[in-house]
Amino acid sequence: MSRRSIVRGGLGVAAGLAAVPLAARAGGAAELVADLGPDGRTLSRGDTGRYVKAWQHSLANHGYWCGTADGTFGHLTQQATWAVQKQNGLAKDGVVGPLTRNALSHGPLPRPVGGSGARVEVHLKKQLLLVVSGGKTQRVFNTSTGNGEYYWLRGKRYRATTPTGTWNVYSSYSGGWQNGDLGRMWRPMYYNSGWAVHGSESIPTYPASHGCSRLSTAAMDLLWSTGAMYVGSRVVIATGA
């Protein structure tokens, strides 16, 4: 469980600028443009409508998973927007303005560090989780890892860190919430002793866990359903770019 609350940052965008159309991606396929209108409007959690739906389509087309494009700026759209902002060094406020739209359009996806093949990578510096296939990033998620603070467990003092290295998932729990000494985890995939990738109800923009890599419960379900993680699959924890 988080010992800090989520603090929503400032706007982090230059309001009033002209909307930046999203470029077509590989293969020349046309892409739905997230045109937010001539008044320089921004989007944030709680907004609804066609502009939100356009943004959701654009996120998905660029590899930032946000669930179903339903026109409602909810938890998953906020998570994906944070991931875009993290990757591109912007204010992590979850607000979609010209800088964030331009970053999604023109900014590169995070580069994998683990070589060829399929795996999940956690990049600690930017707090991002990547799904990698064929040595290329396919999907990007906001994640939250060990916060570096000390805590006590069964009379012993530990530090909440997420060690770097390469492992394989050795155990998993598919039945929903699993309760443990440090809180509950949604469908965890264990890869290194007690460290796991798991779903959570709190995935802020900063490191906040006891050491595991948190995702939204919906994102964790996606990793299960798509076979991105399974017992035996590879997990790379790295500093990242």
Determine whether I237 and W195 satisfy the following criterion, side chain to side chain contact (heavy atoms under 4.5 Å, CB included), listing intermediate values before the conclusion.
CA-CA 11 Å; I237 311 294; W195 281 272; over 6 Å; no

Side chain to side chain contact (heavy atoms under 4.5 Å, CB included) assessment of T100 paired with V95:
CA-CA 8 Å; T100 299; V95 177; over 6 Å; no

Give the intermediate values and the outcome of side chain to side chain contact (heavy atoms under 4.5 Å, CB included) for residues F141 and L222.
CA-CA 11 Å; F141 300 89; L222 183 75; 3.8 Å; yes

Assess the residue pair Y173 and M185 against the criterion (side chain to side chain contact (heavy atoms under 4.5 Å, CB included)); give the C-alpha distance rounded to whole Å, side-chain angles, the decisive distance to 0.1 Å, and a yes or no.
CA-CA 9 Å; Y173 180 78; M185 301 175 287; over 6 Å; no

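Put simply, the side chain of N102 never gets that close to the backbone of P98: no donor and acceptor are under 3.5 Å apart. Remark: the backbone N or O of E149 is paired with a side-chain donor or acceptor of N147 at under 3.5 angstrom. When atom types are taken as modelled, the side chain of H62 and the backbone of S58 share a donor-acceptor pair closer than 3.5 angstrom. Side-chain atoms of S209 come within 3.5 Å of backbone N or O of G211 as a donor-acceptor pair. Of the possible polar contacts, none joining the T161 side chain to the P163 backbone as a donor-acceptor pair under 3.5 Å is found.
Contact detail for T239 and T164: the closest heavy-atom pair is N-CG2, 4.2 Å. The minimum heavy-atom distance between R101 and V96, with the atom names listed, is CG-CG1, 3.6 Å. For the residue pair L59 and A80, the shortest heavy atom distance occurs at CD1-CB, 3.9 Å. Residues Q178 and P188 come closest through the heavy atom pair OE1-CG, 3.2 Å. Across V140 and A83, no two heavy atoms sit closer than the pair CG1-CB, 4.4 Å. Residue T77 comes nearest to Q56 through the heavy atom pair OG1-NE2, 3.0 Å, listed as atom of the first residue, atom of the second, then distance.
Distance OH/Y206 to OG/S144: 7.5 Å, rounded to 0.5 Å. One distance of note links CH2 of W55 with CG of L43; it measures 8.5 Å at 0.5 Å rounding. One distance of note links CG of L76 with CZ of R45; it measures 9.0 Å at 0.5 Å rounding. In this structure, the separation between CD on Q127 and NZ on K125 is 12.5 Å, given to the nearest 0.5 Å. Considering OH of Y230 and OG of S172, their distance stands at 12.5 Å, rounded to 0.5 Å. Atom CD of residue Q87 and atom CG of residue L104 lie 11.0 Å apart, to the nearest 0.5 angstrom.
In the hydrophobic clustering of ILVMFWY residues, with side-chain heavy atoms under 4.5 Å counting as a link, L128 and V236 come out apart. The hydrophobic cluster containing V122 does not contain I203, counting ILVMFWY residues as joined when their side-chain heavy atoms lie under 4.5 angstrom apart, directly or transitively. Put simply, L223 and L130 are part of two different groups of oily side chains (I, L, V, M, F, W, Y) that touch within less than 4.5 Å, one to the next. The hydrophobic cluster containing W82 does not contain L215, counting ILVMFWY residues as joined when their side-chain heavy atoms lie under 4.5 angstrom apart, directly or transitively. Linking Ile, Leu, Val, Met, Phe, Trp and Tyr whenever their side-chain heavy atoms come within less than 4.5 Å leaves V132 and W224 in two separate clusters.
Here the side chains of W65 and V131 are not in contact, with every heavy-atom distance at 4.5 Å or above. You'll find the side chain of V120 reaches within 4.5 Å of the side chain of L129, heavy atoms only. The closest side-chain heavy-atom distance from M189 to S233 is not below 4.5 Å. M229 is listed as a side-chain neighbour of V197, based on a closest heavy-atom distance under 4.5 Å.
Note on ring orientation: taking the six-membered ring where Trp is involved, the planes of Y191 and W167 are tilted (angle from 30° to 60°). Ring geometry for W177 versus W186: interplanar angle over 60°, hence perpendicular rather than tilted (30 to 60°).
The side chain to side chain donor-acceptor pair (under 3.5 Å) with K86 is formed by just one residue from the set T205, T81, N142; it is N142. E201 pairs in a side chain to side chain donor-acceptor pair (under 3.5 Å) with only one of the listed residues (R214, H75, R184), which is R184.
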